[in-house]
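Following: one structure in structure tokens, then a few remarks.
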Amino acid sequence: MKGVLVILDGIGDLPCKQLNGKTPLEDADMPNLDFLAARGKLGYMHSVKPGFVPESDEALVSIFGNDLISSTRGQLEARGTDLKMTRGDLALRVNFATIDSLEKGSIIDRRAGRTLTTEEAESLADTINLKINLPCKFVFQPSVQHRAVLVFRGGFSDDILGNDVTYMQGKSQDITKIRACKPTDDDENSQYTANIVNEFLEKAHEILNNHPINKERKKRGLLPANFLLVRGAGIEPPKLKQYRKWASISYMPLEIGFSKISGMKVFSFDYPRLNKLDSYENLYEGLKKACNFSVKTLKDIYKKFDYAYIHIKETDIPGHDNKPVEKKLMLEQIDKTLFDFLRSFAPPNKIKVIVTADHSTPCNLKNHSADPVPILLYDDSILKEKKFSEREAAKGILGRMNGNELLEKTGFDK
Ligand code: ZN
Ligand code: ZN
């Protein structure tokens with residue numbers, strides 16, 4: 001193995017009041033990452049381009065050297081599940097969400113309070129799959145926590161805009177109000193496709209709103225998962241650069257799907273089910289599993305692959321929830337496990353390590369931002385004390401780059 005690329009989702013941040021003006025990276029105690037940073041180079045990157053607020057899929061596509069392609073998300077996520085896909089099938093990424101009512105039309109929570117258990121999501125999905133009749137076949141499949149994938153079978157158009165506009169560039173839309181899916185061109189099939197999706201969404205709302213699980217949730221003071229938000233419509237997998245000498249250690253549908261379509265061999269595990277109400281307990285459990293699994297897999301495969309891409313997802317979530325302390329604690333947990341291992345594994349095996357993020361998710365903003373992310377390239381070069389943080393990376397000798405330059409500039413090839 002020549003190199004390991006570690007993407008820590010959404011770790012870029014801004015100074016946080018709760019951390020006395022430090023960012024989670026600056027405040028976290030990470031001796032093992034410091035060890036790698038001291039023997040490497042720092043820099044920073046706009047994962048797509050300056051001024052652009054990336055979704056995870058857009059960032060990944062760019063970081064792996066592709067031109068930015070929009071609307072890949074549904075296809076990537078569908079291919080990260082075990083759903084069989086045929087050309088023309090329309091795939092969408094879905095959130096279980098909470099609205100007040102169709103008449104008032106306000107979105108109360110994009111993720112149903114993050115308290116939807118895996119079992120509840122599965123039951124709700126079962127009812128939807130059983131009860132909704134459409135002129136075409138469809139599959140609605142929940143994945144991790146509030147996330148799900150929706151696939152309509154047939155020859156559809158992907159020139160439609162979903163009803164979830166949270167991540168749209170420009171933000172001219174009111175993201176607190178529900179809206180219908182719309183065609184984005186005059187094509188008859190696009191109108192037909194938007195109509196089918198809207199029909200599905202209306203029927204799904206009707207079922208979800210009256211579902212015993214949601215009635216029970218309301219009684220317990222929890223937000224009902226009574227609405228579906230869809231985005232990232234796609235009818236065929238994007239054509240991506242191929243990374244045949246790479247192994248991907250990933251576990252969320254998006255990253256698994258992206259890795260598969262990019263020609264990598266995927267090593268994965270089943271995410272722990274969310275059984276109780278505390279979604280952070282579930283995240284820490286998932287993070288622990290992810291780090292241990294990464295270490296074990298690296299040991300198993302380092303002689304068989306030139307490169308490994310490890311994607312750690314949990315670190316993005318506290319940014320969305322404005323929980324800087326949780327973000328810092330997650331970073332420290334990763335340091336104690338994954339970086340502790342890499343610190344002793346990389347030098348004797350002459351393995352380079354890149355540590356970076358797909359985008360910033362500043363706690364203050366509770367969303368992704370256009371702020372650049374720090375890059376660390378450990379290559380056993382310069383021995384000088386430095387810390388992997390936004391501020392130090394901004395002064396690093398790697399300088400600034402766009403995402404699609406990262407692998408080339410650091411000497412990681414396909
Ligand atoms: Zn992300
Ligand atoms: Zn995010």
Side-chain angles (χ1 to χ4, degrees), residues 5-14 23-25 44-49 52-64 66 68-70 72-74 76-77 80 93-97 107 109-114 143-148 162 164-169 171 175 229 231-232 248-259 262 271 279-280 282-283 286-287 290 309-324 326-327 330-331 334 354-375 390 403-404 406:
L5 166 63
V6 182
I7 296 187
L8 303 175
D9 208 298
I11 52 162
D13 214 305
L14 298 168
T23 68
L25 266 178
Y44 65 107
M45 133 179 121
H46 289 98
S47 49
V48 176
K49 57 188 177 184
F52 189 93
V53 181
E55 273 201 76
S56 294
D57 59 322
E58 295 165 329
L60 271 184
V61 164
S62 294
I63 289 171
F64 281 90
N66 304 282
L68 177 65
I69 312 160
S70 60
T72 58
R73 181 110 193 196
L76 293 178
E77 296 221 9
R93 154 69 193 259
V94 187
N95 271 27
F96 280 101
I107 299 170
D109 193 298
R110 295 191 65 245
R111 305 174 185 92
R114 289 198 195 279
S143 60
V144 177
Q145 297 192 348
H146 57 273
R147 303 170 184 87
D164 186 358
V165 293
T166 313
Y167 293 97
M168 266 182 64
Q169 300 293 316
K171 290 270 156 67
I175 59 169
L229 290 170
R231 68 185 200 264
S248 161
I249 301 172
S250 49
Y251 46 96
M252 297 293 259
L254 169 62
E255 286 78 25
I256 295 173
F258 171 82
S259 302
S262 298
Y271 205 77
S279 62
Y280 275 76
N282 181 236
L283 287 173
L287 180 58
Y309 150 52
I310 299 174
H311 196 111
I312 303 286
K313 190 72 191 178
E314 287 78 5
T315 44
D316 181 46
I317 289 113
H320 285 285
D321 295 343
N322 191 14
K323 293 187 171 174
E326 301 291 347
K327 196 165 178 177
M330 285 182 183
L331 289 166
I334 297 167
I354 298 175
V355 181
T356 188
D358 51 350
H359 49 76
S360 294
T361 311
C363 293
N364 298 336
L365 304 178
K366 296 175 89 171
N367 212 339
H368 302 180
S369 75
D371 296 291
V373 295
I375 304 166
E390 299 82 352
N404 61 9
L406 175 70

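Ligands are counted one by one from 1 in listed order, and the atoms in each one are counted from 1 as well.
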TODO: Could you tell me whether R147 and E77 have a side-chain N and a carboxylate O separated by less than 4.0 Å?
DONE: no
TODO: State which residue, out of D321, D13, T23, T315, fulfils the side chain to side chain donor-acceptor pair (under 3.5 Å) condition with K327.
DONE: D13
Task: Contact flag H320/the Zn ion (ligand 2), N/O/S atoms, threshold under 2.8 Å - done: yes
TODO: To 10°, measure the NE2(H359)-the Zn ion (ligand 1)-OG(S56) angle for me.
DONE: 110°
- [ ] State the atom name: nearest N, O or S atom of D9 to the Zn ion (ligand 1).
- [x] OD1
Task: Lys/Arg-Asp/Glu bridge criterion (N-O < 4.0 Å) met for R93, D164 - done: no
TODO: For the pair Y309 and F258, name the ring-plane relationship: parallel under 30°, tilted 30 to 60°, perpendicular over 60°.
DONE: perpendicular
Task: Atom pair CG (L283) and CD1 (I317), whose distance is rounded to the nearest 0.5 Å - done: 5.0 Å
Task: Geometric cation-pi criterion K323 and Y280, 6.0 Å radius, 45° cone - done: yes
Open item on the list: So, 2.8 Å as the limit: is an N/O/S atom of E55 located closer than that to the Zn ion (ligand 2)?
Closed with: no
Task: Atom name, D316 (N, O or S, nearest to the Zn ion (ligand 2)) - done: OD2
Open item on the list: When you measure from the Zn ion (ligand 1) to the N, O or S atoms of H368, does any of those distances fall below 2.8 Å?
Closed with: no
Open item on the list: Below 2.8 Å, can you find an N, O or S atom of D358 next to the Zn ion (ligand 1)?
Closed with: yes
Open item on the list: I'd like to know: is the Zn ion (ligand 1) within the 2.8 Å range of an N/O/S atom from T361, strictly under that distance?
Closed with: no
